[in-house]
There are 2 protein chains.
Amino acid sequence: MRMLSEANGSIAGAGALLKILRDGQARTRAELVQLTGLARSTLGQRLDALLSQQWIVPTEEAISSGGRPAVAFTFNRGARIALAADLGATHARVAITDLGTEVLAERADEVPVDRGPVETLTWLQHTFEEMLAETGHTRDQICGIGIGLPGPVEHSSGRPVNPPIMPGWDGFPVPEWLGERFGAPVLVDNDVNIMALGEHWAARPEADHLIFVKIGTGIGCGIISDRHLHRGAQGAAGDIGHIQVASATDIVCRCGNLGCLEAVASGAAMSARLSAAGVEAADSRDVVRLVRSGNTQAVQLIRQAGREIGDVLASIVNFFNPSVIVVGGDIAEAGEQILAGLREVIYSRSLPLATQHLTITASELSDRAGVIGAAVMVIEHVLAPGTVDRSVTRD
Amino acid sequence: MRMLSEANGSIAGAGALLKILRDGQARTRAELVQLTGLARSTLGQRLDALLSQQWIVPTEEAISSGGRPAVAFTFNRGARIALAADLGATHARVAITDLGTEVLAERADEVPVDRGPVETLTWLQHTFEEMLAETGHTRDQICGIGIGLPGPVEHSSGRPVNPPIMPGWDGFPVPEWLGERFGAPVLVDNDVNIMALGEHWAARPEADHLIFVKIGTGIGCGIISDRHLHRGAQGAAGDIGHIQVASATDIVCRCGNLGCLEAVASGAAMSARLSAAGVEAADSRDVVRLVRSGNTQAVQLIRQAGREIGDVLASIVNFFNPSVIVVGGDIAEAGEQILAGLREVIYSRSLPLATQHLTITASELSDRAGVIGAAVMVIEHVLAPGTVDRSVTRD
DNA sequence: TTATTTTTGCTTGATCATCGCCATAAGTGC
DNA sequence: GCACTTATGGCGATGATCAAGCAAAAATAA
């Protein structure tokens, strides 16, 4: 048993304590004794250890009930920082967060990922460095770096696997490249996976089984099963964009197959269809703009897309029985229009037992879900190893 | 940390050791020292504890490499027994197994579950007692009882939830009823879940993500994600029988909806169709019999059913990315006929990344998957709490 | 100001798991 | 039969933890 607790590393035996304090609530010694079952003296020793490492801090306010007021301790979210990046096909979002996933600095830029890993990561390195200077943080405060990439990633090695829209990235050792430059552990994952992680952790921690559906240029989803990210055998889980839908078996998808969901209901498919109909729309954002401005064709199209996606999700609800479905991505910005279509189909097609407590909602974190998820991935890896990922990448 | 290890109960600190010995990773003291990092003396103490409780036994053969031969230890599968039952709609299979899920005694009977819980469980109690007498085991050797039921079960409480084919069972406290009579922990779960568990554990332990598809009177599946059973938010995960299939939106299902998979490809649906065509077939078994005897209509029907189910599974493969799909249930006894249809559709419709290492195979345990899974559920609960289920039912 | 209450820091002796060391057991090779 | 090698068991030392107690600190109530 000893080895298990010592595997925690620097935090040593105090890991269990930290776990309790990390929920953000201030706890007094008396409460902690109650919660852990430790002796007062032992608890004192452990608190000292955590205090000296700055992992926790005493709060200002003293709660008195007639005698000497008790000192309450809280988790020190500012003890370390996490570097997080959500790299999309054309735009990237980079952030520095504290250990409570609070965003301390943030940037969103147009960065084409198709120029290859070295150029993109060099830009990322410089952006991180600039932001660190901005916020006045040093390198030794970094507890880790989390990266989301728009394609399949082998999480254990942090390398992209045959990514369709990232030429030159196949097998590129992202963790090694960045790890050398910052001297911190680097974790990489698929963008939908980290979005699911972010939404689950920051907005819906009570949901045990969550599906995050990203509707943007393409369509994909991140899966949380029993509070763990489900990545699948090849890390390819959640690739629902190429599931065949019944209604349109004549449309050719970019993958070569017929009637893929993505070829019908994605942002790219919708903008293409609007353009063909004479309405100008270059990408997902234009579609959303048109919907918001009340364009009839766009509204009809997005409602129909919602029903198509709902068709696929209805099957998934029966199979997976999630407690929450969160919808995010560019197209989700159109709001209720797409959710209405989704709900309509899911509630009529799926089993009552599976739908009676099912929540279908738009992402609360919106376009920040990715970076926050990347931060969560890193923080959990450092503070509670094994919760999110079971294999270490780099140290 | 202390409290964590003590929660293990009677095995105390030696739990980790037992896990290693159980998997056969190490056998001699030297190897165990290497693997655990414990001191030789500490290891010796722990081994003594395990030996005195009969959890492990020294083997006869002594491995020498020039000096005094090392004593090899093996997990004593006979230390305790598990009582297991797989109750189906009309027939039941009951077994006593050792801790290695080896079947020591077994019975298969026609037992209609629709007569209510008291009659069925009373029969089960007597069967267990008879079998115990037969094998010469006593009650205090029972480490637990595992039950599989044909309907949704809230695993944490062990109670059926609105089971469609089990009148009178809704909310019945199965664990309490049986626990009182045998003085052992009772775990209950859906029949497909335990089949998935059995097949995963006994036949395919290397598969991290497994889907067990049961094709019998109805159609359902059990889901293993990251070596853990995925039960879903309402314990309703895996209910793929009522997913709508494109090809037959005109057929009414017993659930009231149109075009359910179960209404097209289940044993009940096939026997009904054969009967309507003038070929006598009362149930799934008759269908299998006809297929085996080479009846053209039956063969065509089962091939088509394979394709329909494959259609649904193709979507699930994209979504879930399993490493193995195991097919079981009465209809699966027909062998390659149904697998051919499945493979045909899945390999053509699902993504190459997801299918390239995907195995689609018939159940190795066949009609024993259920009881063995029930035994696994109990054994894992006692020996490695938290591996399969995270909530305790009864003690 | 003083008494009371409650928290906190510190000390002590006991307990327990673990560790390192040494003696002994049980083989192999000459 | 003897030296050598390797495995095993036992003993005292170590360190973490615990329960208990006492004194100091910091508030409230009289």
Side-chain angles (χ1 to χ4, degrees), chain A residues 1-21 25-53 55-74, chain B residues 1-21 25-53 55-74:
Chain A
M1 291 298 97
R2 167 67 71 85
M3 41 170 193
L4 286 175
S5 60
E6 283 193 336
N8 210 334
S10 59
I11 313 171
L17 252 190
L18 206 62
K19 208 164 193 170
I20 295 169
L21 284 163
Q25 252 203 311
R27 304 275 187 182
T28 66
R29 283 180 151 87
E31 287 172 329
L32 289 169
V33 163
Q34 182 78 20
L35 255 80
T36 58
L38 292 166
R40 273 197 299 275
S41 48
T42 316
L43 185 84
Q45 285 182 353
R46 295 206 173 161
L47 286 178
D48 283 345
L50 288 174
L51 280 165
S52 72
Q53 302 271 328
W55 284 110
I56 56 171
V57 280
T59 51
E60 300 304 309
E61 5 121 36
I63 316 133
S64 171
S65 54
R68 173 174 170 172
V71 177
F73 299 93
T74 49
Chain B
M1 292 295 95
R2 168 70 71 86
M3 41 172 191
L4 288 174
S5 59
E6 284 193 338
N8 209 335
S10 58
I11 313 170
L17 253 189
L18 201 62
K19 201 165 194 170
I20 295 169
L21 283 162
Q25 287 177 44
R27 309 162 48 80
T28 67
R29 283 179 149 89
E31 288 171 336
L32 287 167
V33 163
Q34 182 80 19
L35 238 73
T36 58
L38 291 166
R40 274 194 293 279
S41 47
T42 315
L43 186 84
Q45 284 182 355
R46 294 203 175 164
L47 286 177
D48 282 347
L50 289 173
L51 280 164
S52 73
Q53 303 272 326
W55 284 110
I56 57 172
V57 281
T59 51
E60 301 306 310
E61 9 123 34
I63 314 139
S64 172
S65 55
R68 172 174 172 174
V71 177
F73 297 96
T74 50

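The sequence lines fix the lettering, A, B, ..., with proteins before strands; numbering per chain opens at 1.
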Pairwise side-chain contact, B:Ile20 with B:Thr36, heavy-atom cut-off 4.5 Å (strictly under): yes
Pairwise 5' ranking along DNA chain C for A:Thr28 and B:Leu43, keeping only the more 5' one: A:Thr28
Reference residue B:Phe73; test side chain to side chain contact (heavy atoms under 4.5 Å, CB included); the match among B:Val57, B:Leu51, B:Leu17: B:Leu51
Which residue lies more 5' along DNA chain D, comparing B:Ala30 with B:Asp48 via nearest heavy atoms: B:Ala30
Beyond-backbone contact of B:Leu38 with B:Val33, side-chain heavy atoms, under 4.5 angstrom: no
Tabulated below should be each protein N or O lying under 3.5 Å from an N or O of nucleotides 25-30 of chain D; please produce it.
residue	atom	partner	partner atom	Å
D:dA25	N3	A:Arg68	NH1	3.2
D:dT28	O4'	A:Gly66	O	3.3

Nearest-Å distance for atom pair CG/C1', residues B:Leu32 and D:dA7: 13 Å
A:Leu18 side chain near A:Leu50 side chain, heavy-atom distance below 4.5 Å: yes
side-chain N/O B:Thr42 vs C:dA17 OP1/OP2, d < 4.0 Å: no
Presence of donor-acceptor pair under 3.5 Å, side chain of A:Ser41 and base of C:dG9: no
Given D:dT17, D:dT8, C:dC19, the nucleotide with the shortest approach to the side chain of A:Gln45: D:dT17
Contact under 4.0 Å: B:Arg29 side-chain N or O vs D:dG9 OP1/OP2: yes
A:Thr28 backbone acceptor or donor facing A:Glu31 side chain under 3.5 Å: yes
Residues forming a salt bridge (Lys or Arg N to Asp or Glu O under 4.0 Å) with B:Arg29, sequence neighbours excluded: none
Short side-chain N/O contact from A:Arg40 to OP1 or OP2 of D:dA20, under 4.0 Å: no
